[in-house]
Amino acid sequence: MTRTTDLVALNDWYVVAFTSEIPKGHSETTVLLGQSLVIYRGWDGEFQCALAHGDGHPPPLVRQKYGFLWVSLGRPDHDIVSVPEFSEHERRFIHRGRIGVPSSGQRVIENFFDLSHFSFVHTGTLGGYESAEVPKYSVEFREQERELWAVGCSFVQPKASAAAGAASTIYYDYRIPSPFISIIYKDSLVRPGRKDLIGLFIQPHDEESCTVHSFALVHDEQNVSTHILHFYHEIFAQDRSILLHQTPKKLPVSPRREIPTISDASSIAYRRWLDRSGLQFGLDRASA
Ligand SMILES: [Fe+2]
């Protein structure tokens with residue numbers, strides 16, 4: 001495996017573990033952007049991260065935030081994404097674990113905020129055949145184009161969450177603050193007017209494989225965590241089976257290739273936004 005030379009990819013922050021996944025006094029080997037890393041947790045609970053094969057590269061930067069361990073292999077010109085809802089104590093934090101996917105991180109992110117797949121992939125929970133049409137929503141760029149948002153999304157969902165008792169129209173906003181992070185802000189069914197968050201932090205191992213670290217910040221006092229987790233894992237297993245069969249694994253950004261349907265305004269915006277970012281890693285830039 002070869003470390004990427006893509007500076008746009010190198011100069012970003014990535015989650016490589018949830019801190020409690022590595023017990024004190026243990027180490028773990030992982031791969032980020034083609035670079036093998038050794039993560040070591042001392043008996044004092046502090047983390048160290050070293051390149052398995054340095055080859056003259058500087059040591060990685062390591063931070064702990066939101067319960068996750070973040071690493072940058074380069075020199076990021078921005079901080080780790082700000083998610084103020086992590087410090088709102090009335091929410092329940094649910095660590096959804098880490099799941100490997102044999103595809104690019106960008107394929108996982110694009111699938112996450114594609115509303116048109118709900119009815120056909122998550123039939124009976126996030127969508128149904130009788131309400132397959134995607135209502136209009138808008139795409140916005142925020143923070144000087146650093147962030148892509150799809151706002152005003154809505155969908156009739158038979159069972160929108162573990163807490164759902166009946167079908168309802170759910171309103172969403174999607175935030176993509178980095179090519180490898182997406183957070184959905186979704187109507188709470190328990191607290192009207194409040195949003196639940198579900199987020200994906202992608203660790204790209206190479207251009208065609210990644211691990212998805214994910215979390216939820218929800219208003220749900222009724223369901224036990226295992227019940228909520230079961231709901232999420234069922235949904236993600238359905239997504240994973242779709243991702244396994246998408247080719248090419250790298251996300252095409254040339255507008256002439258694999259043109260999404262008209263309902264995928266957010267997919268088109270994501271691909272154009274990635275193209276303008278200068279990122280090469282995980283993208284298929286070949287023209288048709
Ligand atoms: Fe999905």
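Whatever order the structure lists ligands and atoms in, that order sets their numbers, starting from 1.
Using a cutoff of 4.0 Å between basic side-chain nitrogens and carboxylate oxygens, Glu234 and Lys159 are not scored as salt-bridged.
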Subject >> ring pair (Phe, Tyr, Trp, His ring centres under 6.0 Å) assessment of Tyr14 paired with Phe281 >> reply: CA-CA 14 Å; Tyr14 301 90; Phe281 187 89; 8.3 Å; no
Subject >> Pair Arg96-Ser214, side chain to side chain donor-acceptor pair (under 3.5 Å): steps then yes or no >> reply: CA-CA 5 Å; Arg96 307 200 315 163; Ser214 64; 3.0 Å; yes
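Aromatic ring centroids of Tyr185 and Trp149 lie under 6.0 Å apart.
Below 30°, between 30° and 60°, or above 60°: for Phe201 and Tyr66 the angle between ring planes is below 30°, a parallel geometry.
Of all protein N/O/S atoms, those under 2.8 Å from the Fe ion (ligand 1) are His117 NE2, His122 NE2, Asp239 OD1, Asp239 OD2, and waters are not counted.
For the pair Thr4 and Leu10, the tightest heavy-atom approach, listed with the atom from each and the gap, is O-CD1, 3.6 Å.
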